[in-house]
Amino acid sequence: MGLAVPGLVTPTHAVFSSAFGWRDVPAAAFTDVSLPVVLGHDVRSAGAAELAYGAARAEPNVLYLPIGTGIAAALALDGALYGGAAGWAGQIGHVPVHPDGLPCPCGQRGCLAAYASASSIAARCGESSAEAVLSRTDEVARRVWDEAVEALALALATATLLLDPALVVIGGGLAQAGEALVGPLRTRLAARLAFRRPPRVEVSALGPQAGLLGAALLAATALDTTA
């Protein structure tokens with residue numbers, strides 16, 4: 001069984017998740033089904049599905065950025081997902097975009113997720129969802145949405161200058177905003193990259209199915225490895 005979970009993850013343990021408070025949770029604790037279980041990072045697993053079946057299938061250098069309760073990223077370099085030294089690369093949601101800014105559940109301040117995650121956007125406006133914020137026309141809602149887009153542009157400009165992806169794929173619940181999100185995000189990102197062209201910014205082709213397909217790929221890969 002493949003399970004895609006958030007936070008810092010190894011194949012056998014969910015090491016840490018600021019969103020859920022997990023620390024060193026063994027894979028077997030997530031289910032009582034009598035099958036071997038392998039864990040994978042939810043975003044990297046969904047990114048693998050996007051590479052195989054979605055918006056990134058024809059592009060080998062991609063940054064996949066789903067935005068929901070939190071924000072993380074999956075990076076594909078030359079067609080292969082990059083996990084970093086300990087397998088924990090991609091924690092872009094905890095990149096500081098505003099030094100000494102809003103507090104984040106991770107313990108830092110000014111993190112991207114504190115401004116641009118769907119849950120933070122909703123909470124800052126006293127709403128139950130980011131969709132409800134987007135439907136409002138008052139000054140508070142407009143300011144919170146504007147700050148979210150600007151924070152995303154700042155973080156993606158940094159990622160672009162460091163990693164040079166050809167394509168940024170926006171996924172997660174916030175991607176359902178479509179052009180209301182990616183339109184101004186493209187403009188803001190281009191403005192932050194004075195001397196080079198920005199990468200393309202597109203919405204995920206798989207939507208919420210990306211995580212499910214990624215979990216299935218985890219299980220299939222584990223079977224291939226142990227066969």
Side-chain angles (χ1 to χ4, degrees), residues 3-9 14 16-23 25 30 41-47 49-50 54-55 64-74 90-98 101-156 168-186 188 201-215:
L3 295 179
V5 298
L8 305 181
V9 181
F16 174 72
S17 169
S18 62
F20 294 95
W22 293 337
R23 288 186 182 273
V25 181
F30 286 94
H41 187 262
D42 58 342
V43 173
R44 200 169 302 125
S45 299
E50 285 286 351
Y64 171 64
L65 190 79
I67 306 171
T69 303
I71 304 176
Q91 299 299 317
I92 195 172
H94 299 295
V95 168
V97 292
H98 295 299
L102 295 174
C104 179
C106 76
Q108 299 181 151
R109 300 188 72 90
C111 292
L112 172 63
Y115 291 88
S117 68
S119 56
S120 294
I121 291 169
R124 294 183 69 200
C125 290
E127 296 285 359
S128 60
S129 69
E131 181 181 12
V133 174
L134 188 58
S135 69
R136 285 169 40 176
T137 58
D138 58 279
E139 183 179 348
V140 171
R142 288 197 301 269
R143 175 176 55 80
V144 168
W145 186 260
D146 184 71
E147 289 179 355
V149 174
E150 180 65 14
L152 284 166
L154 284 166
L156 287 177
V168 174
V169 177
I170 305 294
L174 205 64
Q176 303 307 306
E179 282 299 312
L181 173 64
V182 297
L185 180 56
R186 290 183 186 116
R188 297 285 187 93
V201 179
E202 305 291 345
V203 172
S204 165
L206 300 179
Q209 299 299 315
L212 297 175
L213 289 168

Is there a side-chain contact between P6 and W22 (heavy atoms, below 4.5 Å)?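 Yes, at least one pair of side-chain atoms sits under 4.5 Å.
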Can you tell me how far apart CD (E202) and CD1 (I170) are? Round to the nearest 0.5 Å.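 If we round to the nearest 0.5 Å, E202:CD and I170:CD1 are 10.0 Å apart.
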What's the spacing between H98 NE2 and R109 CZ if we round to 0.5 Å? 13.0 Å
Which is it for V97 and E150 under the side chain to side chain contact (heavy atoms under 4.5 Å, CB included) test, yes or no, and what are the steps along the way? CA-CA 9 Å; V97 292; E150 180 65 14; over 6 Å; no
Quick one: does any side-chain atom of R23 pair with a main-chain N or O of F16 as donor and acceptor, under 3.5 Å?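 No; zero donor-acceptor contacts below 3.5 Å.
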Testing the basics here: between A155 and L112, what is the closest heavy-atom pair and its distance to 0.1 Å?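 Nearest pair, atom of A155 first, then L112: CB-CD2, 3.7 Å.
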Hey, does V133 have a side-chain heavy atom less than 4.5 Å from the side chain of R124? no
Does any non-hydrogen side-chain atom of L174 lie less than 4.5 Å from one of I71?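 No - every pair of side-chain heavy atoms lies 4.5 Å or more apart.
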Identify the heavy atoms of A55 and V203 that sit nearest to each other, and give their distance. CB-O, 4.2 Å
In Å and rounded to the nearest 0.5 Å, what is the OG to CD distance from S204 to Q209? 10.0 Å
With a 3.5 Å distance limit and no angle check, can you tell me whether E147 reaches the backbone of Y115 through a side-chain donor-acceptor pair?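 Between the backbone of Y115 and the side chain of E147 there is no qualifying donor-acceptor contact (under 3.5 Å).
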Going from CG on L65 to CG on L185, what distance comes out if it is rounded to the nearest 0.5 angstrom? 8.5 Å
Find the distance between CG (L206) and CG (L212) and round it off to the nearest 0.5 Å.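 Interatomic distance, L206 CG to L212 CG, rounded to 0.5 Å: 10.0 Å.
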Is it the case that atom CD in E131 sees more than 12 heavy atoms from other parts of the structure closer than 6.0 Å?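 Counting other residues, nucleotides and ligands, CD of E131 stays at 12 neighbours or fewer.
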Under the criterion salt bridge (charged side-chain N to carboxylate O under 4.0 Å, His left out), I'd like the reasoning laid out for R186 against E179: C-alpha separation, chi angles, the key distance, then a yes or no. CA-CA 10 Å; R186 290 183 186 116; E179 282 299 312; 3.1 Å; yes
What closest approach, in Å, do I67 and A118 show between heavy atoms, and which atom pair accounts for it?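 Shortest heavy-atom separation between I67 and A118 comes out as CG2-N, 4.0 Å.
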Identify the two heavy atoms, one from L134 and one from A180, that lie closest to each other, and give their separation to 0.1 Å.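 In terms of heavy atoms, the two residues are closest at CD2-CB, 4.0 Å.
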Donor-acceptor check, side chain of S120 to backbone of A113, threshold 3.5 angstrom: yes or no?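 Yes.
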Scan P103, C106, S117, P105 and name whichever one has a side chain to side chain contact (heavy atoms under 4.5 Å, CB included) with C111. C106
Measure the CG-CG distance between L181 and L152 for me, rounded to the nearest 0.5 Å.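 Result: 6.5 Å between the selected atoms.
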Short side-chain to backbone donor-acceptor contact, R44 and G90, under 3.5 Å: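 Not at all, since once roles are kept as given, no pair shorter than 3.5 Å links the two residues.
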Work out which heavy atom in C104 is nearest to a heavy atom in A114; give both atom names and the distance.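 Scanning both residues, the minimum pair turns out to be CB-CB, 4.4 Å.
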For A72 and P66 the tightest heavy-atom approach is O-CD, 3.4 Å
